[in-house]
Amino acid sequence: GQPSPAPAHPGPGRTRRVPAMAAPSRLLIRGGRVVNDDFSEVADVLVEDGVVRALGHDLLPPGGAPVGLRVLDAAGKLVLPGGIDTHTHMEFPFMDSRSIDDFHQGTKAALAGGTTMIIDFAIPQKGGSLIEAFETWRSWADPKVCCDYSLHVAVTWWSDQVREEMKILVQDKGVNSFKMFMAYKDLYMVRDLELYAAFSQCKEIGAIAQVHAENGDLIAEGAKKMLALGITGPEGHELCRPEAVEAEATLRAITIASAVNCPLYIVHVMSKSAAKVIADARRDGKVVYGEPIAASLGTDGTHYWNKEWHHAAHHVMGPPLRPDPSTPDFLMNLLANGPCGSGLPRRTCPPFMRITMVMSLWSILLTRGFLLHICCDDLTTTGTDNCTFNTCQKALGKDDFTKIPNGVNGVEDRMSVIWEKGVHSGKMDENRFVAVTSTNAAKIFNLYPRKGRIAVGSDADIVIWDPKATRTISAKTHHQAVNFNIFEGMVCHGVPLVTISRGKVVYEAGVFSVTAGDGKFIPRKPFAEYIYKRIKQRDQTCTPTPVERAPYKGEVATLKSRV
Ligand SMILES: C[C@@H](CNC(N)=O)C(=O)O
Ligand SMILES: [Zn+2]
Ligand SMILES: [Zn+2]
Ligand SMILES: [Zn+2]
């Protein structure tokens with residue numbers, strides 16, 4: 001059975017209790033630049049009863065704002081779809097501890113950073129019921145969340161019961177994503193044949209398979225080796241599971257999913273090696289998506305060699321951050337090159353081929369007069385894997401790195417870190433930023449266009465964003481419960497000024513107006529079009545058929561009896 005809900009934290013950040021009747025039911029966001037994944041335009045946004053009612057110009061009635069309509073001036077600012085964090089672990093009982101940001105504090109911090117929805121994980125013990133785990137996580141989250149949320153469910157063992165419960169979760173509970181761990185040997189790890197069975201069931205019921213891609217056997221052997229060498233500090237955590245251990249499992253998962261023709265989602269992509277495997281698989285046409293996280297996009301594994309034990313330990317997560325300092329830039333490049341007008345395949349063919357290809361390509365373009373849509377989209381969404389532990393909790397592993405509870409922060413800083421490292425750096429434009437922080441996740445997890453877009457009929461999850469303002473990230477000022485921030489001191493362009501959740505201003509100029517439980521669980525239907533179209537097409541037209549041939553009539557050797 002699972003423990004009871006963690007106690008709610010008072011936490012930093014003033015919360016102004018706004019009496020329910022005072023919140024206006026209608027908002028008019030005026031004069032901002034509305035940015036969706038495919039298009040930007042200066043427009044007013046009218047919101048009523050939690051939904052976008054109209055987009056257009058001069059929506060303010062001539063007589064001025066009528067009673068019950070609040071006008072927000074967004075002139076010179078951006079108006080973005082609220083971020084969707086695809087990967088969190090609030091108040092997660094794990095490694096003899098429990099993550100310190102709970103569903104209240106964690107979702108407040110999300111809102112402060114411009115994220116208006118999180119997708120967390122219900123994780124049963126081996127042998128436990130998936131449905132019971134789902135209901136347990138629901139009981140923790142529903143009373144506390146300040147923003148909308150949903151749940152992936154983990155498959156930590158295999159049986160006919162698990163297969164059946166996956167089907168029930170999809171049909172009755174609004175789950176359409178299941179995470180299988182290839183690491184955490186003896187705790188959550190499943191083996192290849194179980195992956196094959198779980199992927200087959202995901203395909204059968206229209207879910208997307210997610211994997212934690214690391215080779216759990218190599219990690220176990222690597223850890224023994226490091227401890228035997230007397231390496232007990234956080235540096236041992238990375239040394240025992242170098243990026244090849246992540247890349248190997250990534251390729252193995254892709255190979256198994258491809259054999260099943262099941263859509264695959266690689267969570268927390270942490271290394272160049274794994275990212276290259278995913279990019280190559282996508283170029284081969286595989287239906288696979290990669291999710292780098294704020295940590296792997298914003299910092300690196302050199303911190304494991306920091307002389308301050310607690311500093312190094314606070315960066316311990318699985319898979320580890322990588323000591324190769326070029327990793328964040330590399331991952332951001334692969335994240336940046338999404339479906340674009342003129343993106344040309346960056347590699348995969350020798351130079352002379354490329355010249356001829358480019359020449360022929362441009363000649364086609366010019367004659368046809370349209371921009372070729374080459375979709376690179378090597379990495380697709382961004383999460384945080386927010387799973388935070390205070391220093392005293394991390395100290396459970398002060399003498400043995402395998403005992404350091406794994407996990408880092410990110411839920412509050414993801415949007416600013418990606419704006420700074422991705423947009424301000426010139427790698428991606430504002431539309432791609434929206435795609436990777438919100439829209440692509442909504443499409444993959446079948447939330448779109450209710451979530452992930454500012455359009456008439458969509459939920460009014462909106463952020464008024466100041467691309468020019470900067471903020472300095474620090475544990476001293478962040479709204480998370482955890483007492484450390486892996487982005488400490490980072491100055492980021494891109495600051496949320498106002499966060500709106502389902503039409504309510506919940507965060508403005510540093511002040512919260514949240515109510516625990518205001519967030520809702522968002523159910524998700526199976527067979528998301530965005531991922532299943534190609535799968536279904538392949539089932540129809542790519543299933544192999546036998547060759548018709550006359551039976552063999554020649555001599556057949558006699559079976560030699562074993563001597
Ligand atoms: C157990 C969970 C959180 N911990 C972590 N990533 O270090 C995960 O592996 O995603
Ligand atoms: Zn994981
Ligand atoms: Zn592209
Ligand atoms: Zn995780």
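Keep in mind that the numbers below use all heavy atoms, side chains included, and drop hydrogens, waters and symmetry copies. Both counts, for ligands and for their atoms, begin at 1 and track the order of listing.
Nearest N/O/S atom of D385 with respect to the Zn ion (ligand 4) is recorded as OD1. When the Zn ion (ligand 2) is compared with the N/O/S atoms of H212, atom ND1 turns out nearest.
Counting atoms of ligand 1 from 1 in the listed order, those under 4.0 Å from a heavy atom of G318 are 5 (C), 6 (N), 7 (O), 9 (O). Short contacts between ligand 1 and H268, defined as distances under 4.0 Å to a heavy atom of the residue, involve ligand atoms 9 (O), 10 (O). Within ligand 1, counting atoms from 1 as listed, the ones closer than 4.0 Å to a heavy atom of H87 are 10 (O). The contact set between ligand 1 and H212, taken as ligand atoms under 4.0 Å from a residue heavy atom, comprises 9 (O).
Rounded to 10 degrees, the NE2-metal-NE2 angle spanning H89 and H87 at the Zn ion (ligand 4) equals 110°.
Heavy atoms of N406 found under 4.0 angstrom from ligand 1 belong to the backbone as well as the side chain. With a 4.0 Å cut-off on non-hydrogen atoms, F94 touches ligand 1 through its side chain and not its backbone.
Ring centers of H314 and F389: at least 6.0 Å apart, outside the cut-off. Taking the six-membered ring for Trp, F445 and Y530 have ring centres at least 6.0 Å apart. Here W309 and F401 keep their ring centres 6.0 angstrom or further from each other. Taking the centre of each ring, Y184 and F181 come in below the 6.0 Å mark.
Among protein heavy atoms, the minimum distance from atom 9 (O) of ligand 1 is reached at Y184 OH, 2.8 Å. The shortest contact between atom 6 (N) of ligand 1 and any protein heavy atom is with D385 OD2, 2.5 Å. Closest protein heavy atom to atom 10 (O) of ligand 1: K179 NZ, 2.9 Å. The protein heavy atom nearest to atom 2 (C) of ligand 1 is H89 NE2, 3.5 Å.
Note: no N/O pair closer than 3.5 Å links M317 and ligand 1 by distance alone.
Residue K398 qualifies as open at atom NZ: its count of foreign heavy atoms under 6.0 Å is 12 or below. The number of heavy atoms from other shown groups lying within 6.0 Å of CG (D172) is above 12. Sparse packing is recorded around CD of E204, with 12 or fewer heavy atoms of other residues, nucleotides or ligands lying under 6.0 Å away.
Assignment of Y188 to the shell around ligand 1 is not supported, since no heavy atom sits closer than 4.0 Å. A heavy-atom separation below 4.0 Å is found between F181 and ligand 1.
By the 30° and 60° cut-offs, the orientation of the rings of H89 relative to F121 is parallel.
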_Chi angles and distances behind the salt bridge (charged side-chain N to carboxylate O under 4.0 Å, His left out) call for E135, K173_ = CA-CA 9 Å; E135 299 299 0; K173 305 286 184 181; 2.6 Å; yes
message = Test salt bridge (charged side-chain N to carboxylate O under 4.0 Å, His left out) on K272 and E243; report intermediate values, then the result.
response = CA-CA 8 Å; K272 293 164 72 169; E243 58 183 272; over 6 Å; no
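Here T156 contributes atom OG1 and L130 contributes atom CG; the two are 6.5 Å apart, rounded to the nearest 0.5 Å.
At a threshold of 2.8 Å, the Zn ion (ligand 2) has no backbone or side-chain N, O or S atom of A183 nearer than that distance. Residue H268: no N/O/S atom is found under 2.8 Å from the Zn ion (ligand 4).
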